[in-house]
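Reading through the structure tokens given below for one structure.
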Amino acid sequence: QVQLVESGGGLVQAGGSLRLSCAASGRIFSSYIMGWFRQAPGKEREFVAALHWSGGWTDYADSVKGRFTISRDNTKSMVYLQMNSLKPEDTAVYYCAGKRSSIDYYQAHAYDYWGQGTQVTVSS
């Protein structure tokens, strides 16, 4: 069992930056995928970014490519999402998630573990 706790959300002006953190407890195997999703009011939860825990790859939604960076610190069991050049449309609750394989890593329903979410609000 893996528990995930996000932090780092807040209110920021358009063009600003935030770094989200996700603390993972429990055993994370090298095959795990860690992802970030977001959900705005009235919308479905959408894929933002993911990485392979062993460090093999990362992937991003087109809407955040070049602005967001996902990373991890294996020694601390932490996952980060650095968000730069934020836009009002980035406003959402951001969730950290984990899954045991890379299959369908861009699909929220495929994830096994979820954090409680952290609110990000970008003002114009």
Side-chain angles (χ1 to χ4, degrees):
Q1 190 73 8
V2 174
Q3 291 80 42
L4 303 172
V5 179
E6 304 96 334
S7 61
L11 173 64
V12 64
Q13 288 189 330
S17 299
L18 280 175
R19 188 177 83 154
L20 304 183
S21 299
C22 174
S25 59
R27 182 72 182 272
I28 301 178
F29 293 91
S30 60
S31 61
Y32 275 31
I33 306 300
M34 301 301 294
W36 286 96
F37 287 76
R38 65 187 182 187
Q39 189 167 18
K43 295 188 177 181
E44 292 188 353
R45 194 167 296 190
E46 66 173 1
F47 171 75
V48 175
L51 60 75
H52 195 280
W53 192 249
S54 70
W57 55 262
T58 59
D59 196 20
Y60 298 90
D62 288 342
S63 59
V64 306
K65 272 180 186 175
R67 300 189 299 123
F68 291 11
T69 303
I70 188 172
S71 62
R72 88 235 187 271
D73 184 335
N74 294 39
T75 63
K76 298 180 181 179
S77 294
M78 295 289 295
V79 182
Y80 304 100
L81 186 68
Q82 178 66 45
M83 305 185 295
N84 299 328
S85 302
L86 283 161
K87 305 175 182 180
E89 51 264 43
D90 294 318
T91 295
V93 177
Y94 283 70
Y95 296 90
C96 178
K99 65 188 310 292
R100 293 184 285 265
S101 77
S102 61
I103 297 173
D104 292 338
Y105 66 87
Y106 50 89
Q107 301 275 10
H109 69 80
Y111 280 73
D112 304 297
Y113 310 108
W114 289 90
Q116 82 288 351
T118 186
Q119 176 71 47
V120 171
T121 303
V122 184
S123 63
S124 57

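This structure is a prediction, so every number in the text was calculated from the model and none was measured. Positions are given from 1 along the sequence.
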| Donor-acceptor pair between Ser123 and Gln13 side chains, under 3.5 angstrom | no
| Do Trp57 and Tyr105 have ring centroids that are under 6.0 Å from one another? | yes
| Okay, side chain of Gln116, backbone of Glu6: is any donor-acceptor separation there less than 3.5 Å? | yes
| query | side chain to side chain contact (heavy atoms under 4.5 Å, CB included) with Thr118: which of Leu20, Leu81, Leu18? | reply | Leu20
| field | Gly9 versus Val120, closest heavy-atom pair with distance | value | CA-CG2, 4.2 Å
| query | Charged N to carboxylate O below 4.0 Å: is that the case for Lys65 and Asp62? | reply | yes
| Tyr106, Tyr111: one ILVMFWY side-chain cluster at the under-4.5 Å cut-off? | yes
| message | Please say yes or no: joined through hydrophobic side-chain contacts below 4.5 Å, possibly via intermediate residues, are Tyr80 and Ile70 part of one cluster? | response | no
| said: Tell me whether Arg67 contacts the main-chain N or O of Ser85 through its side chain, where contact means a donor paired with an acceptor under 3.5 Å. | reply: yes
| query | Has Arg38 got its NZ or CZ under 6.0 Å from the middle of the six-membered ring of Tyr95, at an angle within 45 degrees of the ring axis? | reply | no
| query | Around Glu44, counting heavy atoms of other residues, nucleotides and ligands shown, do more than 12 lie under 6.0 Å from its CD? | reply | no
| task | Decide, yes or no, whether a salt bridge links Arg100 with Asp112 under the criterion of side-chain N to carboxylate O below 4.0 Å. | result | yes
